[in-house]
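Scope of the values below: all heavy atoms of this structure, side chains included, with no hydrogens, waters or symmetry mates.
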Amino acid sequence: MNRHTTFFFVAITTLALAAASCGPVSRGGRRSRGGGGGSSGGEAAFTSQCRGDFGASAAANRFETFMGSVWEFHQAATRTQQTLLDACQQMGRALELPAAQLDGAGPDGTRAVCGAVTEALRTEMAAIREGSETTVELRTRPPHCEARFDAYADCAARCDVDLEPGELELRCEGGEVRGQCSAECSGRCAVDVDARCEGVCEGRCEGTCTQRGPDGSCAGACDGTCHGECVADVSGECGGECRGSCSVEWQEPYCTGHYDPPQVSADCQAACEARVEASMECRPGEAELVVSGGPGPDVQARLERVREAVRVGLATVLTVRERVQRLRESGRAVLAQLEQLPDSVRSVGVSAAACSAGALADLRSSLAAVSVSVEVSVSVSASVSAGTG
């Protein structure tokens with residue numbers, strides 16, 4: 001990337017972040033509906049020039065794309081943290097924590113509530129295991145999150161008018177392409193099952209699993225019933241999700257890593273990566289505790305509280321954990337670009353000086369929310385898995 005491109009990318013990203021707190025702007029200057037923000041005192045830096053129609057130039061197209069992309073990042077950070085707070089509050093009620101510990105008010109509400117739940121889970125799990133022959137096993141089916149190709153292609157075409165979504169070539173870096181294949185699939189085929197699996201069970205194994213993931217889900221052979229996806233090598237027809245390559249055009253493809261489109265400029269690539277990560281769809285998984293060994297009456301009450309807490313909230317916590325780890329990475333990449341604000345940004349008709357302070361405040365606020373969500377979602381899930389086995 002040359003110096004001019006870098007300057008332009010930094011500038012429009014900064015201004016897009018600032019405008020995010022004013023509400024997303026669509027073409028024609030209309031404000032999109034939707035609430036929520038998360039701005040941290042940056043509103044004073046915004047002027048009416050941060051909101052409006054930026055014209056039809058290439059610079060304006062890119063600017064509007066960044067504005068929409070970063071607004072979605074901003075919204076995703078706020079929405080995901082609220083989802084995590086709701087899940088922790090549900091788990092806390094199941095654990096019979098005092099209402100005062102589950103209020104969730106204030107800027108540190110999510111951390112406080114989820115921290116109380118984490119400590120309660122650790123205490124309960126330790127008491128269950130201490131001096132007892134009870135064996136507790138955590139069985140989970142991990143969430144399924146998709147950063148869709150079509151969403152990326154549409155974003156890239158809006159950002160760069162010389163691109164057609166159907167002609168965009170995408171490489172998947174750090175992962176693999178998955179989707180539906182109506183012809184020959186070469187690689188692996190994953191089929192949803194609630195039955196025996198002759199391949200690798202990805203999900204919850206009702207029986208003995210030869211290998212488990214860090215979240216407690218099965219990731220190996222299941223001697224019993226697999227509740228999740230059964231993954232097996234294939235070279236031919238796949239009745240489920242194809243993972244590898246397809247002899248014809250993919251249907252609803254997505255990348256488990258990051259998109260690498262060689263035809264897209266670096267600034268549009270950054271904007272669209274952030275947009276796709278923020279708007280990716282996640283299908284929640286499942287989580288349950290399986291108990292064996294005949295717990296005594298002194299342990300039974302504790303066990304029921306923990307089991308109910310896992311049932312009502314842990315699957316959501318695991319979904320949040322999956323989302324925010326990806327959000328944090330894309331957010332940090334944007335922040336790394338905000339080193340200077342060049343005069344060339346004035347070509348889009350917005351005062352850089354008026355918007356830059358608020359932009360940095362908004363981005364840092366959003367990233368702080370994401371970092372908290374990463375921290376507490378990991379702690380909550382670890383407090384359960386550490387006490388099992």
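Disulfide criterion (SG-SG under 2.5 Å) for Cys268 and Cys155: not met. A distance below 2.5 Å between sulfur gamma atoms is met by Cys181 and Cys246. Disulfide criterion (SG-SG under 2.5 Å) for Cys222 and Cys205: met. Per the SG-SG cut-off, Cys201 and Cys218 are not bridged by a disulfide [distance not under 2.5 Å].
When the options Arg204, Arg141, Arg311 are evaluated for a side-chain hydrogen bond (donor to acceptor under 3.5 Å, both in side chains) with Glu288, the one that passes is Arg204.
Across His74 and Ser366, no two heavy atoms sit closer than the pair ND1-OG, 2.8 Å. Heavy-atom minimum distance, Leu327 versus Ala76: CD1-CB, 4.2 Å. For the pair Pro143 and Thr319, the tightest heavy-atom approach, listed with the atom from each and the gap, is CB-OG1, 3.5 Å. The shortest non-hydrogen separation linking Ser330 to Phe73 is OG-CE1, 3.8 Å. Taking both residues in full, the closest heavy atoms of Ala94 and Glu308 are given as CB-CG, 3.7 Å, listed atom of the first, atom of the second, then distance. Minimum interatomic distance between Ala190 and Val231 (heavy atoms only, all atoms of both residues): CB-CG2, 3.8 Å.
By the side chain to side chain donor-acceptor pair (under 3.5 Å) test, Arg79 is found to be paired with no residue, residues two or more places apart in sequence or in another chain being considered. Checked against side chain to side chain donor-acceptor pair (under 3.5 Å), Asp260 has the following partners two or more places apart in sequence or in another chain: Arg171. Evaluation of the side chain to side chain donor-acceptor pair (under 3.5 Å) rule for Gln90 yields no partner, not counting sequence neighbours. For the side chain to side chain donor-acceptor pair (under 3.5 Å) test, no residue two or more places apart in sequence or in another chain qualifies with Asp233. Ser371 pairs by the side chain to side chain contact (heavy atoms under 4.5 Å, CB included) definition with Arg328, not counting sequence neighbours.
The shortest side-chain heavy-atom distance between Arg302 and Met125 does not fall under the 4.5 Å cut-off. Counting only heavy atoms from C-beta outward, the side chains of Asp154 and Phe149 never approach each other to under 4.5 Å. Residues Arg178 and Thr256 have side chains in contact (heavy-atom distance under 4.5 Å, counting atoms from C-beta outward). The closest side-chain heavy-atom distance from Val370 to Thr80 is not below 4.5 Å. Looking at Gln81 and Leu85, their side chains never come closer than 4.5 Å, going by heavy atoms from C-beta outward. In this structure the side chain of Leu289 reaches within 4.5 angstrom of the side chain of Val384, judged on heavy atoms. Within the 4.5 Å cutoff, side-chain heavy atoms of Leu318 are placed close to those of Thr140. Contact check for Asp160 versus Gln263: no side-chain heavy atoms found under the 4.5 Å cut-off.
Rounding to the nearest 0.5 Å gives a distance of 10.5 Å between CG of Leu95 and SG of Cys88. In this structure, CZ on Arg323 lies 12.0 Å from OG on Ser377, to the nearest 0.5 angstrom. Ser379 OG to Leu121 CG: the interatomic distance, rounded to the nearest 0.5 Å, is 11.0 Å. Note that CZ of Arg321 is 9.5 Å distant from CG of Leu314, once rounded to the nearest 0.5 Å.
With hydrogens and angles disregarded, a donor-acceptor distance shorter than 3.5 Å links the side chain of Gln89 to the backbone of Leu102.
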Name the atoms and distances for all side-chain donor-acceptor pairs under 3.5 Å in residues 273-280, with sequence neighbours left out.
residue : atom : partner : partner atom : Å
Glu273  : OE2  : His258  : ND1          : 2.8
Arg275  : NE   : Glu72   : OE2          : 3.2
Arg275  : NH2  : Glu72   : OE2          : 3.3
Glu277  : OE1  : Arg326  : NE           : 3.0
Glu277  : OE2  : Arg326  : NH2          : 3.3
Ser279  : OG   : Arg275  : O            : 2.8

Would you mind writing out the side-chain donor-acceptor pairs for residues 107-118 within the sub-3.5 Å range, not counting sequence neighbours?
residue : atom : partner : partner atom : Å
Arg111  : NH1  : Glu375  : OE1          : 2.8
Arg111  : NH1  : Glu375  : OE2          : 2.7
Thr118  : OG1  : Cys114  : O            : 2.9

What pairs of donor and acceptor atoms, side-chain ones from residues 234-241 against any protein atom, are under 3.5 angstrom apart with sequence neighbours left out?
residue : atom : partner : partner atom : Å
Glu241  : OE1  : Arg243  : NE           : 2.9
Glu241  : OE1  : Arg243  : NH2          : 3.3
Glu241  : OE2  : Tyr254  : OH           : 2.7

TODO: Give the C-alpha distance, both sets of side-chain angles, the deciding distance and a yes or no for disulfide (SG to SG under 2.5 Å) between Cys185 and Cys242.
DONE: CA-CA 6 Å; Cys185 172; Cys242 177; 2.1 Å; yes
Open item on the list: Under the criterion salt bridge (Lys or Arg N to Asp or Glu O under 4.0 Å), I'd like the reasoning laid out for Arg139 against Glu206: C-alpha separation, chi angles, the key distance, then a yes or no.
Closed with: CA-CA 8 Å; Arg139 293 178 180 173; Glu206 190 176 338; 5.5 Å; no
TODO: Could you please spell out the steps behind the side chain to side chain contact (heavy atoms under 4.5 Å, CB included) verdict for Glu176 and Arg188?
DONE: CA-CA 11 Å; Glu176 66 179 357; Arg188 296 177 299 156; 2.8 Å; yes
Task: Intermediate values then yes/no, side-chain hydrogen bond (donor to acceptor under 3.5 Å, both in side chains), Arg196 and Thr225 - done: CA-CA 5 Å; Arg196 289 195 65 85; Thr225 301; over 6 Å; no
Task: Derivation of the side chain to side chain contact (heavy atoms under 4.5 Å, CB included) call for Arg93 and Val312 - done: CA-CA 10 Å; Arg93 286 190 284 270; Val312 300; over 6 Å; no
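Here Val193 is tied into one hydrophobic group with Val191, each link being a pair of ILVMFWY side chains closer than 4.5 Å.
Under the ring-ring contact (aromatic ring centres under 6.0 Å, His included) criterion, the residue pairs touching residues 150-179 are Tyr152-Tyr259, with sequence neighbours excluded. Each disulfide bond (SG atoms under 2.5 Å apart) pair with one or both residues in residues 298-328, not counting sequence neighbours, would appear here, but there are none. Within the structure, ring-ring contact (aromatic ring centres under 6.0 Å, His included) contacts touching residues 199-239 (residues at least two apart or in different chains) do not occur.
Within a 6.0 Å radius of CD in Glu281, other residues, nucleotides and ligands contribute 12 heavy atoms or fewer.
With respect to the salt-bridge test (charged N to carboxylate O, under 4.0 angstrom), the residues Glu137 and Arg212 qualify.
For Glu304 and Gln300, the side-chain atoms include at least one donor-acceptor pair closer than 3.5 Å.
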